[in-house]
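Please read the structure below before turning to the comments.
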Protein chains: 2
Amino acid sequence: MTEEAGGSTTTSIQAKVIAEMRARIISGEVDPGAPLSELVLADEFGVSRTPVREAFKQLQTEGLVEIRPRVGTFVTTPSRREITELFEMKELLEGAAARLLAQRGRVPEIDRLRHNLAEADAAVARDDREHYAELVGEFHDLLITGADNSKLEAHYTTLMNQLAYPRLVKTSLDQPGRPLQSDREHHLVLELIIQKDGDSAEQVMREHVRASRRALLAGLPAPGPGPSTDPART
Amino acid sequence: MTEEAGGSTTTSIQAKVIAEMRARIISGEVDPGAPLSELVLADEFGVSRTPVREAFKQLQTEGLVEIRPRVGTFVTTPSRREITELFEMKELLEGAAARLLAQRGRVPEIDRLRHNLAEADAAVARDDREHYAELVGEFHDLLITGADNSKLEAHYTTLMNQLAYPRLVKTSLDQPGRPLQSDREHHLVLELIIQKDGDSAEQVMREHVRASRRALLAGLPAPGPGPSTDPART
DNA sequence: CACCAATCTCTTGCATGCAAGGAACGTTAG
DNA sequence: CTAACGTTCCTTGCATGCAAGAGATTGGTG
C-alpha cells in the first residue's frame, strides 16, 4: 500500500528508479517544483536515460511530476485548490471504505484495526507523535484494504502520493490536542464499523477527514503555490 | 472529458499514439486480451518503437494495457470482479458529483443538463437508442464536470476508460424499458440537484448507477474473464 | 541606462542497435 | 503415440546518437 501505485510489473531497473523517485518525492527529499534532470538521475542510478525517462512518464501519470516538453521535468507543486480537491477525494474514498468495511462484517482487518488502536492509545498516552503518525497511516491503510476493492485502493494510493501525505500527517498532529481527538474519532469509526452501521461509519469517517484537514491547514503557514524557480538540488 | 485521462502534456507524436490507442481500446476496436506489438504499431504509425513504448507505459498506468516484461503488451481484460469494483467506484464518484453539484447551486452546468434531458426525452420518445446513449454519456460527464473538482474528474475518466464504457451503455439500454427508466432517474436527480438537496441527489444518483449496472449485467451473456491466447490482430 | 536581438547551451523527443529472456515449435527418445 | 528436450524466433529492456526546441546569457543599439 505504501508504494507501487499503478501497476509496475516491470522486474528490474526501471521499477527501482520509479520506486526510488516516488519515495523521494513523497518524503519531501526533493522539493516541490524542483527540476529533475534525466541525465543527472541516469548518472546517479548508473543507468541510461531511457529507464529514467520511462519512470518520469509513469510518475507523470501518477501526478507526481510534470513533464514540460523540451523544457524539463519538475516535481509537481499542488496548488491550494488542488489540495482542497485531494482532501475532498480523500474524504470520499475513506468514507466509502468505512461503509464497505462495515458491510463486510467480521474480517481480519477489523482485528488489525483493533490492535492498531490499542497501540495508538499507548502512543498518544506517552505523547509519542512520531509513532502515532505511523499508526494513523496504518489505520487509514487498513481501512482502505478492508474495503476489499482493489480499484478503490489504487485510486487511494495515487491520491496519497499526490498529497505527499506522510509529511502532512505530522503537521496536523502537531496541533495541540489533535492526536487525542484523532484517536477518539478513530475509535468511534471502528465502533460503528463493528456495529455494521455503514451509514454512520461513513458519515463519521468523513467528518474525521474534514477535521484532520482543518488541523492540517491550521498548521500550514505559507501555501507556496508559486512554481519556484529555485534550482535547489540540481 | 472523453479522452486524455492522465496529463499528456506532450505536444506531438506520442500524444497521438496514446490517444489513438486509447480510442481503439475503449471502443473495442481491439479485443481485450489481444497482444499489442511495439514494432507493428510503430510501423503502422510511421514512427519508431520509442514513442509507442512510452505510450504503452502510460496506458498501463491508466489500466488499459498490461505489460508483461519480455513477453508482450496486452489489452487488459477486466475480470467480473474488477467490473464490480469499477461500478462501485462509479457509483461512489457520480454520487459525490451529484452532491457537490447540488451544493454549488446555480451554475452553467445545470442549464446544460436541462438541455441534455430535453434532448434525451425526445430521443427516448422516438426510440433513438443510439442518440440516447450519447446523451447519457454527456449527462454523466456534465455531472462530473459540474462537481468542479479536477481530481474527481481525472479519476472518473480513468475509471470510464477501464470500463470501456461507451460499449457498455448500449448494452444496458437494449434492455426493454431501460431507456425510459434511465431517463426518469436522470430527471429525478437533476430535480434534486436544483433543489439543492445534496444528500438525496447523491442517494438517488447512486441508486441510478446500481440500476444501470443491473441492466447491463442482465444484457451480458458470457463474462469471458480468461486471458485468451487468441492471437487476433497481430 | 534600458531594451531588444541574436546566439549559445542545455533540455528533452525520437530513431536505432544490441542483448537478454520467453514462448512456441520441431525433434528425438522412450 | 506420448512426453521431454533442445533450438529458434520473437518479444521487450536498455544504451546511445542525433536533432529540434526552449530558455538564458550576452552583445549591440537607441
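Residue numbers start from 1 in every chain, and the chains themselves are labelled A, B, ... in the order their sequence lines are given, proteins ahead of strands. All of these numbers come straight from a predicted model, not from anything done at the bench.
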Think [X] has a side-chain N or O under 4.0 angstrom from the OP1 or OP2 of [N]?
X	N	answer
B:R53	D:dG13	yes
B:T50	C:dC14	no
B:Q14	C:dG13	no

Heavy-atom donor-acceptor pair, B:E85 side chain to A:S150 backbone, under 3.5 Å: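 At least one qualifying donor-acceptor pair exists.
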Check: A:T73 side chain, A:E66 main-chain N or O, donor-acceptor pair, under 3.5 Å: no
Between [options], which nucleotide has the shortest distance from any of its atoms to the side chain of [X]?
X	options	answer
A:S48	D:dA15, C:dT12, C:dT16	D:dA15
B:R49	D:dT11, C:dT12, C:dG17	C:dG17
A:I13	C:dG13, D:dC14, C:dA23	D:dC14

Nearest-0.5 Å distance, CG of residue A:L41 to CD of residue A:E20: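 So the gap between those two atoms works out to 9.5 Å.
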Can you tell me how far [atom2] of [N] sits from [atom1] of [X], to the nearest Å?
X	N	atom1	atom2	result
A:L39	D:dA15	CG	C1'	13 Å
A:R70	C:dT12	CZ	P	11 Å
A:Q60	C:dG13	CD	P	9 Å
A:L41	C:dT11	CG	C1'	14 Å
B:E38	D:dC14	CD	P	12 Å
A:F56	C:dT11	CZ	P	12 Å
A:I67	D:dA22	CD1	P	16 Å
A:K57	C:dT12	NZ	C1'	12 Å

Parallel, tilted or perpendicular: ring planes of B:H140 versus B:H208, cut at 30 and 60 degrees: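 It falls in the tilted class, 30° to 60°.
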B:F74 six-ring face occupied by B:R68 cation (under 6.0 Å, within 45°): yes
The helix from C:dC1-D:dG30 to C:dG30-D:dC1: angle between end helix axes, five pairs per end, rounded to 10 degrees: 0°
A:Y156-A:K90 side chain donor-acceptor pair, cut-off 3.5 Å: no
Atom CD of A:E130: over 12 foreign heavy atoms under 6.0 Å: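 Open: at most 12 neighbouring heavy atoms sit under 6.0 Å from CD of A:E130.
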A:E54 or A:V71, whichever maps to the more 5' nucleotide of DNA chain D: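 The answer here is A:E54.
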